[in-house]
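Since the structure comes first, as structure tokens, the remarks are kept for the end.
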Amino acid sequence: MSKASEPIESLYHSVYESLEKLQSQVHDLNEKLDPKDPADIEKLERTQFALQLSKDVLENFVASGKSMTINYDKRSVTIEVSK
């Protein structure tokens, strides 16, 4: 696989860093608020999961016709890319 051009590499790293910053914000908010409301807890967990999944998908390309399973502590996600 060839190396991406500089503008593409720059975009990739910018997106990845943005996802990491958002994850950090979720973590900080979770520690500061110590939410008791189940709805708040669920939203924070879903947000954290979505951000981690986004980073994992960004890091691991899935070719057409292939699938990838990502395992987490409480769940797993299978991504299938059709032709």
Side-chain angles (χ1 to χ4, degrees):
M1 181 185 290
S2 65
K3 182 153 173 69
S5 66
E6 185 59 36
I8 299 300
E9 280 291 319
S10 179
L11 175 63
Y12 175 91
H13 290 292
S14 176
V15 169
Y16 192 87
E17 289 170 6
S18 295
L19 290 170
E20 284 190 324
K21 286 178 186 175
L22 289 169
Q23 276 187 306
S24 180
Q25 288 177 5
V26 170
H27 178 75
D28 292 347
L29 187 60
N30 191 28
E31 285 189 347
K32 287 178 187 173
L33 293 181
D34 191 24
K36 304 286 187 236
D37 182 7
D40 288 345
I41 293 169
E42 180 184 341
K43 282 186 178 182
L44 281 173
E45 288 176 352
R46 287 187 352 225
T47 302
Q48 178 61 34
F49 179 72
L51 291 168
Q52 184 60 51
L53 180 60
S54 297
K55 279 178 46 184
D56 291 339
V57 169
L58 188 63
E59 292 173 342
N60 300 284
F61 178 74
V62 180
S64 182
K66 302 286 183 181
S67 67
M68 171 179 63
T69 300
I70 304 170
N71 295 304
Y72 300 100
D73 290 339
K74 298 179 183 178
R75 55 187 72 109
S76 69
V77 175
T78 300
I79 299 169
E80 295 181 22
V81 180
S82 56
K83 294 181 181 185

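Quick caveat: nothing in here was measured; it's all calculated off a predicted structure. Counting from 1, the numbers follow the sequence of the chain as shown.
- The list of side-chain hydrogen bond (donor to acceptor under 3.5 Å, both in side chains) pairs with a residue in residues 55-64, not counting sequence neighbours, reads Y16-E59, Q23-K55, Q52-D56, D56-Y72.
- A distance of 8.0 Å separates OG1 of T69 from CD of E80, quoted to the nearest 0.5 Å.
- In this structure, CG in L22 is found 9.5 Å from OG1 in T47, a value given to the nearest 0.5 Å.
- Using modelled atom types, no side-chain atom of S24 and backbone atom of E20 make a donor-acceptor pair closer than 3.5 Å.
- The heavy-atom pair separating V81 from A63 by the smallest distance is CB-O, 3.8 Å.
- The CD atom of Q25 sits 11.5 Å away from the CD atom of Q48 when rounded to the nearest 0.5 Å.
- Counting only residues at least two apart or on different chains, no salt bridge (charged side-chain N to carboxylate O under 4.0 Å, His left out) pair has a member in residues 64-75.
- The backbone N or O of S10 lies less than 3.5 Å from no partner atom in the side chain of S14, so there is not a single donor-acceptor pair.
- To the nearest 0.5 Å, the span separating CG on D40 from CG on L29 amounts to 8.5 Å.
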